[in-house]
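This report refers to the structure that appears directly beneath it.
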2 protein chains.
Amino acid sequence: MSPPDEVEGPLPTDYEIARSTDMEPIWELVEPWGLGLDDLQYFGSYTAKVKHHAIDRLREQADEKAGNLVLVTGMTPTPKGEGKTVTTVGLGQTLNHIGETAMIAIREPSLGPVFGVKGGAAGGGRSQVLPMEDINLHFTGDLHALTSAHNLISAMLDAKISQGDELDIDVNDVAWPRAIDMNDRVLRETVIGLGGKTGGTPREDGFLLTAASELMAVLCMASSLGDLKERVARIVVAYDGDGDPVTVDDIDATGAVTMLLRDAIKPNVVQTIEGTPAFVHGGPFANIAHGTNSLMADKAAFGMADYVVTEAGFGSDLGAEKFMNIVCRLGDMTPNAVVLVSSVRALKYHGEDMWPADFDDIADAGVGAVEAGLPNLDKHVQNLQKFGVPVVVAVNRFPDDADEEVEAVLDHCREDLGVKAAESTVFENGSEGGVDLAEHVVAEVEAGDEESFAPLYDDEDSIKEKIHTVATEIYGADGVKYTGGAESDIERMEDLGFGEFPVCLSKTFHSLSDDASKKGVPTDWELEVREIYPSAGAGFLVALTGDVLTLPGLPSDPAAAGMDIDADGNISGLF
Amino acid sequence: MSPPDEVEGPLPTDYEIARSTDMEPIWELVEPWGLGLDDLQYFGSYTAKVKHHAIDRLREQADEKAGNLVLVTGMTPTPKGEGKTVTTVGLGQTLNHIGETAMIAIREPSLGPVFGVKGGAAGGGRSQVLPMEDINLHFTGDLHALTSAHNLISAMLDAKISQGDELDIDVNDVAWPRAIDMNDRVLRETVIGLGGKTGGTPREDGFLLTAASELMAVLCMASSLGDLKERVARIVVAYDGDGDPVTVDDIDATGAVTMLLRDAIKPNVVQTIEGTPAFVHGGPFANIAHGTNSLMADKAAFGMADYVVTEAGFGSDLGAEKFMNIVCRLGDMTPNAVVLVSSVRALKYHGEDMWPADFDDIADAGVGAVEAGLPNLDKHVQNLQKFGVPVVVAVNRFPDDADEEVEAVLDHCREDLGVKAAESTVFENGSEGGVDLAEHVVAEVEAGDEESFAPLYDDEDSIKEKIHTVATEIYGADGVKYTGGAESDIERMEDLGFGEFPVCLSKTFHSLSDDASKKGVPTDWELEVREIYPSAGAGFLVALTGDVLTLPGLPSDPAAAGMDIDADGNISGLF
């Protein structure tokens, strides 16, 4: 399949490009990649889940493939995003275009950001996954299944509390907020159980975004349905009067919760606009969760192609750090190269001193403004190099970018940093726009040494050592201060035997620091850690830093207000 | 397709029967009924949604069919249910078995009752719809889509409130609680928006079950995607400082909400265990909502077969009354016959005076206990006859029922009430067990006169007249008392121009009265109406009576606690 013909007139929207593309039925598309008709569970003609027997077979076949893992991450983004998914999809397409075989594995969108600031999230232009409107709306129902399963645990837990059960659950020590897949700030802090005896036991509660639910992490870390069930059983939902943990299994919810996730655990396969197959499965955010798609998808992809291109959310300080320190550790994977996505817009954004009075005029701010933002890019390159993995910088080109702006970035990377760098126009041109980038990636992978990769800390390091390592080495903090109950949380985690878990830090994505307002490369600051809790099912600890929120709110002008559908089903406003 | 071979040993579970049945691919199954490959949107091989162009075609074809509409309802049930869905499915199968053509149209299950008391809801035994585990879990995602769409309205509404928007929304007059598809009593009454300025504006709130959301009613009443959008726009979500309504359209949510429902509005088609096609679409409960599947499904079914068998939830006082007074009125349909499902168990349940000390010993209580419950059955027969539709009583036979108990019911119906009556063993025997029932239904339909059907009240009757009619004629109340703000609610409804809407009464299903503890035929009581609000999108008013709850809770031993799934995906405990 080749890219669609040029559309006349102004630059077409992602949706117009998507609708003008002839998709192949998914069973025909994946057949050359080793999946047969009976390996798939269909959702319409263009989306399928891969059945467990096929996943098992693909895993066995992985030995016959090269097993090259390429991670796509980014510099600190603007609120609009810098095109990481576009670059991931475009790179996957281009690797196939230049004669390699490549599978793509990315996360599935959450309705929260779809209706909030960003709109849809399925790549864009001539580097998007299709059918984009299905993927951005309910897709195969994985997020809904997770939300239901999460809230079933909540309902069963509160039923136990209301019954004054023998578990002796401490109503002030419940560790399982409810979940919703919607940006809805008023649900962050609530009081529930009001209205008298029939309304249950009153207590403080709150909602987090489904993307931040431990069930999402469990789904992404599980290796099979049986493993999923064991992980679900271990999840800590509360503590009893003695401070001992109460698990999902203690409240008799393991079976029903796993049953609700029996389809959600199967990876979803779709196609890109150029016909490259892509797994779109699991959707943890990289700020409030671990930020990469499911291991089930990654492992299956290794049985289908020599290259697996995957994306980690936000900057090297978030998704990529967690991918290296947590996902590759727990999933036994080694990245062979990292692509760091930058943009002229984001560089200007970080060169704050050089802004015009109104940031919207930044397009005309010139090369000086771009150069002022380079230290942010440099820090991300250095962060990634600490893991011993070769880095290739991609400049994701936007229509307004000037040639000299792009050149300034490329020259800096090559000459000052000594890393390979390429302009990418995969948004506008599909695989034709990613050849330089893909060739650099292949060269680095082929020259690379898998032995050089290592996470930044050891299992045996103390919890504080692990946090200190990430804070100082990656975020650039001078140190770490523990506030609120964080110190006693750490003691509890060690008492419970969770001391050897890696640590997943929840931190704002707007800054390398824990202060969203600080651009560039913040210095002279300490990381504030205010709460630490276990994801015992997923196998890591979560540390909340600064004022990071696990449930976003809608902005004053939400993307949802601009969305529409006509009587014939044509959608608009879903970017 | 014929019923599966007998299974050896003890009575097999519904799930075992379902798994032992060879299903036909849904596209093959519906082809003789006039649906082609391209008319369907597939969810796996055995479930599909019917696309809009096919719905339109089926509607046009309805003129060529007989258009016979058979409603299945029941007497006041025990908490376990008396087999109304089993009878509906069995009757549909049997009509085809005896040489008629029949389509089934039923509601889709809600996760609330699945995990609460009842377990799954897809019929049972040899009269169930398949694949039962899919239907009972996430199915095609309609309930999830409705929950998301409902809560998107909530999030956009609270965002407007927090911004102090020009709409001047009265924070104490919000008419749009949040929704969840889970029995979770602690969410009935909550306080939201806590935690300071970033947490939004604090206010009292609560959740209702998705089945009771006005969006569910809107989905069931809509005739097309365009009509759905117009109905969504009209929904009243709050009132402003002057008491004027604020609609979904006022908060800019119409387009995004309709977009979220673009697939949910398409009817789902599956098959019964004997290969009869069935629409399973829309899931309003009959106690806290209007209680029948979508009009889209009904109207499409009329284009596929001469008979459409549909089910209304709970007793004649709930689903059937609403079907006659609301759904047939708004949907321009005429029922040709009603099947009233009774059971020996339910009759004993209502013959309270004759109970043994322990109700669990009721199986041995004998014919006297059955006869003591007959007045409840009689009242339901009389209720249905008031609409001018012929009634056939079905005695849904359970394994422990004695012959003389069943005979006592049949004799009473024939001799004392003068209505046709038949034993039904469709649970155990499929269509072989429903022949008598089906033949009675056909005889009544063929002898009937459509002109004799009429709703019980006129559009022009006042709101209080409408409520009085249902309360006295159907429930058997002496009158109606209005408490709380009900009187002023009525004034407001009339001021807003909603006075000509039919009224959907929310009432307990455990009793003909508004007091769940009163069995048999309660007398000497007044109906208490405590709140009335508009479903302006659906086109009716909702009146809350007694202490009916729009969000159920989990029982002390929820069905979920007994559910399990093994590593190979085999489910247990989902009845």
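First the proteins, then the strands, lettered A, B, ... as listed; each starts at 1.
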[X] portion near chain B, given a 4.5 angstrom heavy-atom threshold:
X       : answer
D566(A) : backbone
S224(A) : neither
H52(A)  : neither
M156(A) : both
L551(A) : neither
P202(A) : neither
A145(A) : both
E204(A) : neither

Quick one, [X] and [Y] - any side-chain contact, counting heavy atoms below 4.5 Å?
X       : Y       : answer
L194(A) : V191(B) : yes
L225(B) : I565(A) : yes
T254(A) : D564(B) : no
T140(A) : F43(B)  : no
V186(A) : R178(B) : yes
D181(B) : S148(A) : no
L143(B) : H144(A) : no
R188(A) : T198(B) : yes

For the student: nearest non-hydrogen atoms of G226(A) and A567(B), plus distance: CA-CB, 3.9 Å
Could you pull out the closest heavy-atom pair between G200(B) and R185(A), with the gap in Å? N-CD, 3.8 Å
What distance do [X] atom [atom1] and [Y] atom [atom2] have between them, rounded to the nearest 0.5 Å?
X       : Y       : atom1 : atom2 : result
T190(A) : D205(B) : OG1   : CG    : 9.5 Å
D134(A) : R262(B) : CG    : CZ    : 5.0 Å
M182(B) : I153(A) : CE    : CD1   : 9.5 Å

Interface moiety of [X] toward chain A, non-hydrogen atoms closer than 4.5 Å:
X       : value
L40(B)  : neither
L554(B) : side chain
A561(B) : both
T201(B) : backbone
M259(B) : both

Heavy-atom pairs under 4.5 Å with chain A, option from G193(B), G196(B), S572(B) with the top count: G193(B)
My understanding is that only one of L260(A), N151(A), L152(A) makes a side-chain contact (heavy atoms from CB on, under 4.5 Å) with L111(B); could you say which? L260(A)
